[in-house]
Amino acid sequence: MALYSEKVMDHFRNPRNVGVLEDANGIGEVGNAKCGDIMKIYLKVVDGIIADVKFETFGCGSAIASSSMATELIKGKPLSEALTLTNQAVTEALDGLPAHKIHCSVLAEEAIKRAVLDYYKRQGIEYDKELFKDVEEGED
Ligand code: FES
C-alpha cells in the first residue's frame, strides 16, 4: 500500500485555498515545536458563516494536505460547525495519514480554533473558555 493516499497527494500537489486573506476578521497561527512546522488560517466571517478561508503552511506535505482539506471542510459553514472539526475528521477526509503524520492534521484543527477565537475576541463576542482551553494556552 502506498504511504500516502491519492487524496493526500492531490491536496499536497494542488492545495485549495492557499494564500492570505487581506480582509480576514479571524486569524489563527499554530506551530509544532518538534518539527518546526507552522500553519496560519485566515477566516472571513459574515453573519456567523465562514464566507472565505485561506491558509499559509510552512511545513510538510501532510500539513499542507491537512490545511487544504480542512479549509474545504469549513468553507461556507457556520462557525459552530468549524469548531467541531476534529483532526480525525480531516484525516478521514484525506483517506488516512501515516501514524507518524497524525500530528500534522492536529495543526489544522488547532489553527482553525485559534482563528475562531481571534474572531470572537475582535468582535467582543462571549465564548466558552472550555472550548478553547487547548489552544489558548501559550498564545502569543
Ligand atoms: Fe510537522 Fe507534518 S511533520 S506538521
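Just so it is clear, the values below take in all heavy atoms, side chains as well, and ignore hydrogens, waters and symmetry mates. Counting convention: from 1, in listed order, for ligands and their atoms alike.
Here the angle centred on atom 1 (Fe) of ligand 1, running from SG of C35 over to NE2 of H103, is 100°, rounded to 10°.
Under the 4.5 Å side-chain criterion, counting only non-hydrogen atoms from C-beta, Y4 is in contact with S62.
Ligand 1 places these atoms under 4.0 Å from at least one heavy atom of A63: 4 (S). Close contacts of ligand 1 with K101, meaning ligand atoms under 4.0 Å from a residue heavy atom, involve 3 (S).
Clustering ILVMFWY residues whenever any of their side-chain heavy atoms sit less than 4.5 angstrom apart, transitively, puts V116 in the very cluster that holds M69.
In this structure, K129 satisfies the cation-pi test against Y127, with its NZ or CZ atom closer than 6.0 Å to the six-membered ring centre and inside 45 degrees of the ring normal.
Of the protein's heavy atoms, C60 SG, 2.2 Å lies nearest to atom 2 (Fe) of ligand 1. Looking only at protein heavy atoms, the nearest one to atom 4 (S) of ligand 1 is D37 OD2, 3.0 Å.
Remark: E130 engages K133 in a salt bridge, criterion side-chain N to carboxylate O under 4.0 Å.
Contacts between C104 and ligand 1, counted as non-hydrogen atom pairs separated by less than 4.0 Å, involve both the backbone and the side chain.
Environment of CZ in R122: crowded, with over 12 heavy atoms of neighbouring residues, nucleotides or ligands closer than 6.0 Å.
Using a 4.0 Å cutoff on heavy atoms, L107 counts as a contact of ligand 1.
Between the side chain of R114 and the backbone N or O of E29 there is at least one donor-acceptor pair closer than 3.5 Å.
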